[in-house]
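Contents: one structure, followed by commentary.
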Amino acid sequence: MFSKKSLGFSSLVILFIVGIFMVSCKSGDSSNGGNAANDSSARTAAQNGSLSASAEQIAAERDLSPQDVEAALKTYIPSGKHDEYLMFSSGGHSGQVFVIGVPSMRLLKVIAAFTPEPWQGFGFGSEESMKVLKEGDMESGKELRWADTHHPALTETDGEYDGEFLFINDKANARVAVIDLRDFETKQMIKTPNIISDHGSTFVTPNSEYVIQASQYATTLPFSEYAGMDEYQEKFRGLIAFHKFDRDKGRIVEEGSFQMELPPYWQDLCDAGKKVSEGWVFCNSINTELATGGIEQGLPPFEAGVSQRDMDYMHVINLNKAVEVAKQPGKTQEISGVKVIPLDVAVSEGLLYFIPEPKSPHGVDVTPGGEYLVVSGKLDTHATIYGFDLIQKAIKEENFEGEDVYGVPILKYNDVVAAQLEIGLGPLHTQFDNEGNAYTSVFIESTLAKWKLGPPYNTGEDAWTLTEKVPVQYNIGHNVCAEGDTVSPDGKYCVALNKWSIDRFSPVGPLLPQNFQLIDVSGDKMQVLYDMPIGVGEPHYVQMIKADKLNPFPVYPEVGYNPGTMSVNPNAAKAGQEKIVRSDGKVEVWMSAIRSHFNPEHITVNEGDEVILHITNVERARDATHGFAIEGYNINLSLEPGEASTVKFTADEPGVFPFYCSEFCSALHLEMMGYLLVEPKN
Ligand code: CUA
């Protein structure tokens with residue numbers, strides 16, 4: 001049965017490809033799609049079939065070029081088949097995470113991370129989600145309900161994505177969210193103490209022991225202390241946080257977490273060393289000028305002040321040693337309840353070094369084997385490649401050109417640069433493939449540049465050569481390639497994360513979607529296959545993982561499961577034991593949900609009562625999700641099969657309030673409802 005089916009499928013493809021060949025011959029271009037027709041079996045199949053003619057007709061009617069048809073064939077996923085890769089994309093200002101299939105570029109899910117999301121019942125009453133959102137609030141209790149999500153980071157084992165957890169940062173408020181990929185739900189949110197802005201986050205060490213988060217705009221340390229701009233050099237600081245991740249708990253934990261004080265440069269992107277450079281962390285910085293702006297006073301604006309010097313400083317941090325220093329008494333200072341390694345200790349213990357890097361660098365990306373760091377400068381046309389071995393040698397020999405105003409030793413640029421390569425205007429970020437190639441996004445040019453790494457990846461004349469550029473539409477920020485920032489990238493696909501789309505889609509008003517472009521990098525020439533509009537900005541960075549590495553629950557493992565603890569809640573409502581318990585000023589309800597009723601259906605309370613509902617979806621069938629919404633009370637839960645959830649509220653609105661299942665679960669879904677009757681006080 002299987003072989004027959006696959007034979008049928010492959011001959012269909014052959015016929016379709018032959019169709020392309022015919023179209024391509026007609027248009028006088030046989031550079032693409034022609035190879036299949038050299039196959040004699042394909043020719044025979046074409047002679048025997050009629051599909052090629054209809055494929056040709058469709059292509060002609062839809063005005064598709066042979067390249068278009070080839071791109072369509074490479075991205076089409078038949079109904080019921082799954083994508084080979086999944087992308088986890090920052091949801092930008094939505095504060096969420098998008099899950100997108102590759103090569104189909106279909107949006108599979110929006111994971112609620114920092115922002116309330118009604119469909120998943122995130123932030124609309126369920127105790128589990130309200131707790132997570134509250135964790136991310138300011139210490140004062142001020143609610144933060146938006147985020148500028150930037151860099152997702154999948155957990156790694158030995159430098160490979162393991163598909164277990166995902167971290168994502170909020171640049172706007174210096175927060176990190178932890179998503180469990182067993183149920184694709186956010187389990188924890190950290191409002192990082194001491195800092196209020198971050199960009200270089202999140203990155204993980206090769207075994208995910210630490211989640212790395214560097215501040216961006218320098219502030220006082222902690223930011224809650226006041227200082228004027230004239231005290232910038234003296235009182236403002238940068239900072240890098242190393243959040244200890246406990247994989248068994250699935251949480252970032254206080255014990256083992258620490259921070260390191262940095263000069264008030266604006267720390268930008270970071271990357272963790274891997275393989276030969278494991279145990280080290282590399283971060284770019286800008287504003288080594290210590291510019292303080294003040295355009296309104298006739299002072300140089302930030303954009304000019306921050307771009308004066310030819311060189312900024314890459315921060316080279318000895319993380320393994322920092323972990324040891326952070327454990328030693330007297331070596332850290334407690335600020336806002338967190339251990340912080342002061343800057344002078346970081347210098348005296350040899351934890352921090354600087355390397356000059358060309359004008360306003362942005363991305364720093366470690367090669368798969370950890371041998372090199374690729375840095376691209378926004379205002380420089382090169383990729384500058386530093387050798388980790390050269391850095392180690394210079395540190396060992398204490399071969400410094402001097403120190404910065406804060407006493408941090410600066411390595412000699414020429415001693416640690418392994419290569420420099422002219423890439424184009426505005427290179428930003430680099431990813432890698434399995435054949436020794438690097439792919440750098442080039443913002444101003446709107447291209448993706450492919451180039452060859454040096455030894456051990458390529459030797460002789462091949463090493464450090466630019467091989468190809470493909471235009472993208474438009475203004476590419478990050479790019480991602482399949483597992484392209486791990487120790488073993490896959491190649492095959494890259495995606496350009498374009499900030500502008502301009503004319504690529506139907507006009508939808510002055511606020512335009514951004515454009516993800518899928519690029520086939522498996523052949524001799526890179527080929528743009530697909531444009532995917534992203535209607536929520538700004539989806540900043542993405543990681544792409546082989547889909548079969550993920551192993552999510554089909555349904556929660558047992559009935560009564562609490563996603564907050566990832567275990568059965570002994571107090572969860574059980575089928576057959578539904579009840580309403582009243583005490584003074586309090587009504588507690590144990591309720592079950594199953595197609596197509598809630599039990600109980602009538603809940604009568606007094607105005608002002610505290611109401612606690614424990615609701616369990618007792619279904620075991622896959623996809624049999626129920627919702628629970630109370631009208632007029634801003635409550636909506638999503639109860640996936642097996643899930644038990646609790647919602648607490650004060651019945652402060654008197655009257656009659658239907659509650660209903662907000663998921664279309666069955667033919668009698670409309671009838672899956674009940675009444676909350678709130679008796680007025682008087
Ligand atoms: Cu249950 Cu609709």
Side-chain angles (χ1 to χ4, degrees), residues 96 99 107-112 116-130 182-186 552-566 568-569 571-581 587-605 611-649 651 653 655-678:
Q96 321 292 35
V99 187
L107 176 66
L108 303 180
K109 192 163 190 176
V110 175
I111 305 172
E117 202 288 318
W119 171 54
Q120 290 153 84
F122 189 74
F124 293 93
S126 85
E127 219 172 34
E128 303 75 28
S129 69
M130 302 309 275
R182 282 174 292 181
D183 62 355
F184 284 51
E185 285 194 4
T186 300
F553 293 152
V555 297
Y556 280 108
E558 290 175 72
V559 172
Y561 220 74
N562 175 358
T565 59
M566 286 303 235
V568 171
N569 175 4
N571 194 34
K574 291 178 184 69
Q577 295 174 36
E578 298 89 347
K579 60 185 173 181
I580 300 178
V581 177
V587 179
E588 196 162 1
V589 180
W590 282 263
M591 178 188 280
S592 63
I594 192 165
R595 279 163 289 173
S596 299
H597 60 265
F598 295 109
N599 183 11
E601 290 183 335
H602 298 164
I603 303 170
T604 306
V605 304
V611 182
I612 305 169
L613 306 177
H614 307 282
I615 314 172
T616 304
N617 177 351
V618 299
E619 304 266 5
R620 300 313 288 147
R622 205 171 168 195
D623 214 356
T625 296
H626 297 292
F628 178 83
I630 308 180
E631 297 173 351
Y633 270 87
N634 201 39
I635 287 170
N636 187 41
L637 313 182
S638 173
L639 299 153
E640 285 98 75
E643 179 170 349
S645 188
T646 296
V647 55
K648 280 184 199 172
F649 62 98
E653 295 280 341
V656 174
F657 300 91
F659 56 82
Y660 74 102
C661 172
S662 52
E663 278 281 327
F664 207 128
C665 58
S666 68
L668 295 177
H669 144 80
L670 266 182
E671 289 78 357
M672 187 165 178
M673 65 86 66
Y675 282 98
L676 170 71
L677 304 146
V678 184

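Start at 1 and go down the list; that is how both ligands and their atoms are numbered.
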Could you confirm whether H669 has any N/O/S atom lying under 2.8 Å from atom 1 (Cu) of ligand 1?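 No, H669 does not qualify, because none of its backbone or side-chain N, O or S atoms lies under 2.8 Å.
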Just checking: M672, one of its N/O/S atoms, less than 2.8 Å away from atom 1 (Cu) of ligand 1, yes or no? yes
Please determine whether the number of non-hydrogen atoms from other residues, nucleotides or ligands lying under 6.0 Å from atom CG of N571 exceeds 12. yes
Heavy-atom count check: over 12 atoms from other residues, nucleotides or ligands less than 6.0 Å from R620 CZ?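 Yes, enclosed.
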Check E663 and report its N/O/S atom nearest to atom 2 (Cu) of ligand 1, by atom name. O
A side-chain contact here means heavy atoms from C-beta on lying under 4.5 Å apart; do I603 and F659 qualify? yes
Heavy-atom check, side chain of M672 versus side chain of R595, under 4.5 Å: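 Sidechains of R595 and M672: no contact.
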For the atoms ND1 of H626 and SG of C665, give the angle they form at atom 1 (Cu) of ligand 1, rounded to 10 degrees. 110°
Just checking: C661, one of its N/O/S atoms, less than 2.8 Å away from atom 2 (Cu) of ligand 1, yes or no? yes
Qualifying residue, where the test is side chain to side chain contact (heavy atoms under 4.5 Å, CB included) with E185 and the options are Q120, E128, E640: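 Exactly one pass, corresponding to E640.
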